[in-house]
Protein chains: 2
Amino acid sequence: MLKNALLGFLNYSPMTGYALKQQMDGSTSHFWHAKLSQIYSTLKVLEEDGMISSIIEEQETRPDRRVYSITESGQQQLCVWLNEPLTETGSTKSLLLLKLFFSAQLDKKAIVTQLRLQRQLHEQGMIFYQTETKALIAGIVKQHKGMKKDALFWEATRRFGELCEETYVRWLDETIQIMEEKL
Amino acid sequence: MLKNALLGFLNYSPMTGYALKQQMDGSTSHFWHAKLSQIYSTLKVLEEDGMISSIIEEQETRPDRRVYSITESGQQQLCVWLNEPLTETGSTKSLLLLKLFFSAQLDKKAIVTQLRLQRQLHEQGMIFYQTETKALIAGIVKQHKGMKKDALFWEATRRFGELCEETYVRWLDETIQIMEEKL
DNA sequence: ATTATCATGTAAAAGGTTACATGATTTG
DNA sequence: CAAATCATGTAACCTTTTACATGATAAT
């Protein structure tokens, strides 16, 4: 699905692989992310498939850049994908939960330390969504008034991130208390 | 990490690959899952590495089964893994969120239909954790009183699943309302 | 001076999914 | 009689991560 994510971003405007990475990190990273190496190789495949096209821009002070643009086929493909209904819920993988599931043999101290560290990290995440991510969206809307409709959807995903982190913090507090009482 | 998950289950008791799949489906599936084919091939690697050993049990009415047991090396490895601290939060991938992020070009009806379907699925998930998963854990504790400590950890992961589904339902209700008002 | 940023890629390995292949027994 | 369950595996393919490789400029 990285293919579709890249098409989605290139549908906003032409960009380099490097810029696509930054866009993802700044917007979808809490529900979709990729390494630069994967982005570059996926862009290559997308171009071979005619979904995007690229031109090399020479720069004086910076290295040459390959700027990708979405083609008509690409826009069509993006549209098809967006219209496909999702009939299942996504399946997650969480190392924290997996470890915790098997942690009966660990001592109380190690468990509580682990949980407290996670609590801190998720609290930071929550604050990040409430401030920086929110400001980022507001900033784009201010610059590009035509993006107001898009921003409604970005805000929905931001809000989900915020609620998830809130849930994590709540659950971790609850779990730390139980572990301290009953272990 | 599937390797460690399998070691975790085999540390409870010896089992076949088929049974491991069932155990995972019934307990860790909301934060860790695997296909049978991957389980079989991973068990092969674990045995080559001396983490587990297997014997073939012949059965009369059923196909022969290969029963795996954890070795001392395996228990050691499991213990090492459990003690490694997690200094990061896990990164998720969600198709629903990814699609929603780029959905400004879809029409209102398609979006709301999609969100309503997801709401229904997550409500079902929530109820599942509150009833069936809860009953499953209680059942094991009744049968094996020695598992009471383990059950504390299983319950913590179950509770997380429940809270996550609750969050999903809340967020979906909120988002459906916004889409109906502002789109 | 050193670190961060800009900028692009390749190659190998690990992780994971889908499809193929088999076949008896039990349940509805 | 059909479908589900028990039971095991292989092979091809796709996705993702990690490591390697390079090199200039801008900021601290």
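Letters go in sequence order (proteins before strands), and every chain restarts at 1.
- Within residues 25-34 of chain A, the residues having any heavy atom under 4.0 Å from DNA chain D are, by residue number, A/H33.
- Residues forming a side-chain contact (heavy atoms from CB on, under 4.5 Å) with B/E174 (at least two apart in sequence, or on another chain): A/R159, A/L163.
- No donor-acceptor pair under 3.5 Å is formed between the side chain of A/S29 and the backbone N or O of A/G26.
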Donor-acceptor list for residues 36-55 of chain A side chains, cut-off 3.5 Å, not counting sequence neighbours:
{"unit_1": "A/S41", "atom_1": "OG", "unit_2": "A/S37", "atom_2": "O", "d": "3.1"}
{"unit_1": "A/S41", "atom_1": "OG", "unit_2": "A/Q38", "atom_2": "O", "d": "3.2"}
{"unit_1": "A/T42", "atom_1": "OG1", "unit_2": "A/Q38", "atom_2": "O", "d": "2.7"}
{"unit_1": "A/E47", "atom_1": "OE1", "unit_2": "A/S54", "atom_2": "OG", "d": "3.4"}
{"unit_1": "A/E47", "atom_1": "OE2", "unit_2": "A/S54", "atom_2": "N", "d": "3.0"}
{"unit_1": "A/E47", "atom_1": "OE2", "unit_2": "A/S54", "atom_2": "OG", "d": "2.9"}
{"unit_1": "A/S54", "atom_1": "OG", "unit_2": "A/R66", "atom_2": "NH1", "d": "2.9"}

Listed pairs, N/O of protein and of nucleotides 3-8 of chain C, under 3.5 Å:
{"unit_1": "C/dT5", "atom_1": "O2", "unit_2": "A/R62", "atom_2": "NH1", "d": "3.3"}
{"unit_1": "C/dC6", "atom_1": "OP2", "unit_2": "A/Y18", "atom_2": "OH", "d": "3.1"}
{"unit_1": "C/dC6", "atom_1": "OP2", "unit_2": "A/Q22", "atom_2": "NE2", "d": "2.9"}
{"unit_1": "C/dC6", "atom_1": "O4'", "unit_2": "A/R62", "atom_2": "NH1", "d": "3.2"}
{"unit_1": "C/dA7", "atom_1": "OP1", "unit_2": "A/Q59", "atom_2": "NE2", "d": "2.9"}
{"unit_1": "C/dA7", "atom_1": "OP1", "unit_2": "A/R65", "atom_2": "NE", "d": "3.4"}
{"unit_1": "C/dA7", "atom_1": "OP2", "unit_2": "A/R65", "atom_2": "NH2", "d": "3.4"}
{"unit_1": "C/dT8", "atom_1": "OP1", "unit_2": "A/R66", "atom_2": "N", "d": "2.8"}
{"unit_1": "C/dT8", "atom_1": "OP1", "unit_2": "A/R66", "atom_2": "O", "d": "3.4"}
{"unit_1": "C/dT8", "atom_1": "OP2", "unit_2": "A/Y18", "atom_2": "N", "d": "3.2"}
{"unit_1": "C/dT8", "atom_1": "OP2", "unit_2": "A/Y40", "atom_2": "OH", "d": "2.9"}
{"unit_1": "C/dT8", "atom_1": "O5'", "unit_2": "A/Y40", "atom_2": "OH", "d": "3.4"}

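- Between A/Y168 and B/T89, the closest side-chain pair of non-hydrogen atoms is not below 4.5 Å.
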Side-chain donor-acceptor pairs of residues 95-117 of chain B under 3.5 Å, sequence neighbours excluded:
{"unit_1": "B/K99", "atom_1": "NZ", "unit_2": "A/W81", "atom_2": "O", "d": "3.0"}
{"unit_1": "B/K99", "atom_1": "NZ", "unit_2": "A/E84", "atom_2": "O", "d": "2.3"}
{"unit_1": "B/S103", "atom_1": "OG", "unit_2": "B/K99", "atom_2": "O", "d": "2.5"}
{"unit_1": "B/D107", "atom_1": "OD1", "unit_2": "B/A110", "atom_2": "N", "d": "3.1"}
{"unit_1": "B/K108", "atom_1": "NZ", "unit_2": "B/E180", "atom_2": "O", "d": "2.9"}
{"unit_1": "B/T113", "atom_1": "OG1", "unit_2": "B/K109", "atom_2": "O", "d": "2.7"}
{"unit_1": "B/Q114", "atom_1": "OE1", "unit_2": "A/L86", "atom_2": "N", "d": "3.2"}
{"unit_1": "B/Q114", "atom_1": "NE2", "unit_2": "A/L86", "atom_2": "O", "d": "3.3"}
{"unit_1": "B/R116", "atom_1": "NH2", "unit_2": "B/E180", "atom_2": "OE2", "d": "3.1"}

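- As a member of the Ile/Leu/Val/Met/Phe/Trp/Tyr network built from side-chain separations under 4.5 Å, B/V169 groups with nothing else and remains a singleton.
- A straight line from CG of A/L6 to P of D/dT16 spans 11 Å, rounded to a whole angstrom.
- Judged as a salt bridge (charged side-chain N to carboxylate O under 4.0 Å, His left out), and not counting sequence neighbours, the contacts of A/R158 are A/E155, A/E162.
- The separation between B/I39 atom CD1 and D/dT10 atom P is 15 Å, rounded to whole Å.
- In the displayed structure, A/Q124 atom CD is contacted under 6.0 Å by more than 12 heavy atoms of other residues, nucleotides or ligands.
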I'd like a table of atom pairs between the protein and nucleotides 18-20 of chain C - only N or O on both sides, under 3.5 Å - with the distance next to each one.
{"unit_1": "C/dT18", "atom_1": "OP2", "unit_2": "B/K35", "atom_2": "NZ", "d": "3.3"}
{"unit_1": "C/dT18", "atom_1": "O4", "unit_2": "B/S37", "atom_2": "OG", "d": "2.7"}

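- In this structure, CG of A/N4 is placed 15 Å from P of D/dC14, rounded to the nearest angstrom.
- Qualifying side-chain hydrogen bond (donor to acceptor under 3.5 Å, both in side chains) partners for B/D64, counting only residues two or more places apart in sequence or in other chains: none.
- Taking five base pairs at each end of the helix from C/dA1-D/dT28 to C/dG28-D/dC1 and finding the rotation axis that steps the C1' atoms of four pairs onto the next four gives two axes whose angle is 60°, to the nearest 10°.
- A donor-acceptor pair is defined here as one N or O able to donate and one able to accept, closer than 3.5 Å; such a pair exists between the side chain of A/N83 and the backbone of A/C79.
- The stretch residues 81-95 of chain B touches DNA chain D through B/K93, each having a heavy atom under 4.0 angstrom from the strand.
- At distances below 3.5 Å, not a single donor-acceptor pair connects side-chain atoms of A/T28 with backbone N or O atoms of A/F31.
- Here the NE2-NZ distance, from B/H33 to B/K21, works out to 8.5 Å after rounding to the nearest 0.5 Å.
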Determine, stepwise, if the pair B/Q130 / B/E166 fulfils side chain to side chain contact (heavy atoms under 4.5 Å, CB included). CA-CA 11 Å; B/Q130 289 168 347; B/E166 257 177 53; 4.2 Å; yes
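- Within residues 41-53 of chain A, no residue has any heavy atom under 4.0 Å from DNA chain D.
- Surrounding CD of A/Q22 are more than 12 heavy atoms belonging to other residues, nucleotides or ligands, all under 6.0 Å away.
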Please report the C-alpha distance between A/K134 and A/Y129 in whole Å, then the side-chain angles of each, then the deciding distance to 0.1 Å, and finally whether the side chain to side chain contact (heavy atoms under 4.5 Å, CB included) criterion is met. CA-CA 6 Å; A/K134 201 153 201 174; A/Y129 289 124; over 6 Å; no
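- A 4.5 Å side-chain heavy-atom check between B/Y12 and B/D150 finds at least one atom pair inside the cut-off.
- The NE2 atom of A/H30 lies 12.5 Å from the OG atom of B/S91; values are rounded to the nearest 0.5 Å.
- Of the possible polar contacts, one joining the B/Q118 side chain to the A/E88 backbone as a donor-acceptor pair under 3.5 Å is found.
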